[in-house]
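To start, the structure itself, in structure tokens.
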Amino acid sequence: MRAPANTGDTSAASGFSGSDRPLWEVYSKCIHCGLCLNHCPTYRELGVEMDSPRGRIYQMALVDEGRLALAERFVQHIDLCLDCRACETACPAGVLYGKLVEAARAQIEQHYRRPLVARMARRVFYDCLLVSPPLLKLAGRLLWLYQASGAQKMARRSGLLRVLGLARIEALAPESQPPFFFSQLGKTYPAVGERRYRVAFFAGCIANVSFARLNEASVRVLAANGCEVVIPASQGCCGALHVHAGRREEARRLARRNLDAFLAEPFDAIINNAAGCGSTLKEYGELLDGDGRDAERARLFVSRMKDITEFLAEIGLVQRLGAVAARATYQDSCHLGHAQRVRAAPRELIRSVPGIEFQELPLADICCGSAGIYNVVHNELSMSLLKKKMEAISATGAGLVLTANPGCLLQLRAGVAQWGNGQRVLHVVELLDESLRAM
Ligand code: SF4
Ligand code: SF4
């Protein structure tokens, strides 16, 4: 079978290779009922069948059969998918859409030649920045200089960013938070009071720089609830963004490194606070399927892997919580709600905080438009989703917006700045930390 290329030659389209090949049964599970369509953010926005789950599955099957060229139009429809997996939740036939879109992206990555600038940008971002702590630190320091020196304020006020067409993207830049969490790698924090569990904490990659305070709060909340928290030194990027971009070989390399870091000791659980990373960490078994000993190690790793909200709700909070007076609402992170099916735990934790008046958010499980770097590469569509999300949030009257993923935090904060009423946006764990400190 010839390798497909973006030539418009349909005979060049081919299937997936090795363990990334989704079986025909996965496509054929789709009964074309269309029940997923109204749950799909891109279909809701664009009203185009080819940008719906059903339409995308149809195109993938055609490409796999060699009846549709693996060319620009197909790539655009697949690129436009948020990989939010809302369609999986909605699907009565159990179609595992996430697997399909990730495999399609791997196929595109292997056989489609993107423009040179896009290829270079992807290479720098995925192969250099995400996987290199020294580069992340350097980028964090430069970002800090830009933000703390007043250059950011000046650039925003002067209108320069607008002239350069960068204003909307720049508004999404994370805050650089020195001291970076990299300095915590290799440390162990004792449990407060009697030790109930010994857990390992997964710190992420960019989060070490931009969510250092969230990571610290996570460690404090775990320790306060009887966990000895070990932060393995040799851990690194989980590979989630690589998987979503179809760069599965790099993701496998990163996964093996994390297996070495986290399986060195028999922890009761491996905890992470970023739903986007968590869903990939929980899917290491599939990523390394057929990989001999690593497949077995991956299964052990996955059996220990927990989102922090899931873990805390399971073990129960033992420290008394202080009051945080606020009306609060909660936005499901797609990769926690749809991919990990963790929905009750964060709500349970929020409701456990004295003083919180909880108000459900209508359509809380529809993506806010963050989706990794989707808000940067598909900014217009992402902002349209965010605007609607902010209208729904404002209608709840909540002054506190909670979520469980750093990417969603950034997106919702940008939403508050542009369309909000001054709402505070926090991770569920930050609320718990604040509540503990209120005691
Ligand atoms: S993953 Fe999300 S954006 Fe993609 S097809 Fe499914 S519902 Fe639509
Ligand atoms: S809900 Fe499931 S079976 Fe129905 S069209 Fe969507 S993916 Fe196919």
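Just follow the structure's listing: the first ligand is 1, and inside any ligand the first atom is 1.
- Shortest contact from atom 5 (S) of ligand 1 to any protein heavy atom: Arg56 NH1, 3.2 Å.
- Defined by atom type and a distance below 3.5 Å, a donor-acceptor pair is present between the side-chain atoms of Ser384 and Glu45.
- Listed by atom number, the atoms of ligand 1 under 4.0 Å from Cys40 heavy atoms are 3 (S), 5 (S), 7 (S), 8 (Fe).
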Between Asp260 and Arg257, is a salt bridge (Lys or Arg N to Asp or Glu O under 4.0 Å) present by the stated rule, with each step listed?
CA-CA 5 Å; Asp260 292 341; Arg257 176 181 163 166; over 6 Å; no
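- With hydrogens and angles left out, the side-chain atoms of Gln184 and Glu216 include no donor and acceptor closer than 3.5 Å.
- Protein heavy atom closest to atom 2 (Fe) of ligand 2, with residue, atom name and distance, is Cys91 SG, 2.3 Å.
- Contact analysis leaves Cys87 out of contact with ligand 2, as no non-hydrogen atom separation drops below 4.0 angstrom.
- Separation of the His335 and His244 ring centroids falls under the 6.0 Å cut-off.
- Here the straight-line distance linking atom CG of Leu96 with atom CD of Glu88 works out to 5.5 Å at 0.5 Å rounding.
- Of all the heavy atoms of Glu88, none lies under 4.0 Å from any atom of ligand 1, so neither backbone nor side chain is involved.
- The number of heavy atoms from other shown groups lying within 6.0 Å of CZ (Arg327) is above 12.
- Nearest to atom 4 (Fe) of ligand 1 among the protein's heavy atoms is Cys81 SG, 2.3 Å.
- Of the N and O atoms on the side chains of Tyr146 and Glu170, at least one donor lies less than 3.5 Å from an acceptor on the other residue.
- With salt bridges taken as basic N to acidic carboxylate O contacts below 4.0 Å, none links Glu430 and Arg424.
- Ring to ring, Tyr197 and Phe311 are close: their centroids are under 6.0 angstrom apart.
- Inclusion of Cys36 in the first shell of atom 6 (Fe) of ligand 2 is supported: an N, O or S atom falls under 2.8 Å.
- At a heavy-atom distance under 4.0 Å, no atom of Pro53 approaches ligand 2.
- Residue contacts with ligand 1, taken as heavy atom pairs separated by less than 4.0 Å, involve Asp83 solely via the backbone atoms N, CA, C and O.
- Side-chain N/O atoms of Gln411 and Ser382 include a donor and acceptor closer than 3.5 Å.
- The shortest contact between atom 8 (Fe) of ligand 2 and any protein heavy atom is with Cys30 SG, 2.4 Å.
- Within the listing of ligand 1, atoms 1 (S), 2 (Fe) sit less than 4.0 angstrom from a heavy atom of Arg85.
- Close approach to Gly34 involves these atoms of ligand 2, each under 4.0 Å from a residue heavy atom: 4 (Fe), 5 (S).
- Each of the atoms 1 (S) of ligand 2 lies under 4.0 Å from some heavy atom of Pro92.
- Listed by number with element, the atoms of ligand 1 under 4.0 Å from a non-hydrogen atom of Tyr97 are 1 (S), 4 (Fe), 5 (S), 6 (Fe).
- Leu82 N, 3.4 Å is the protein heavy atom nearest to atom 3 (S) of ligand 1.
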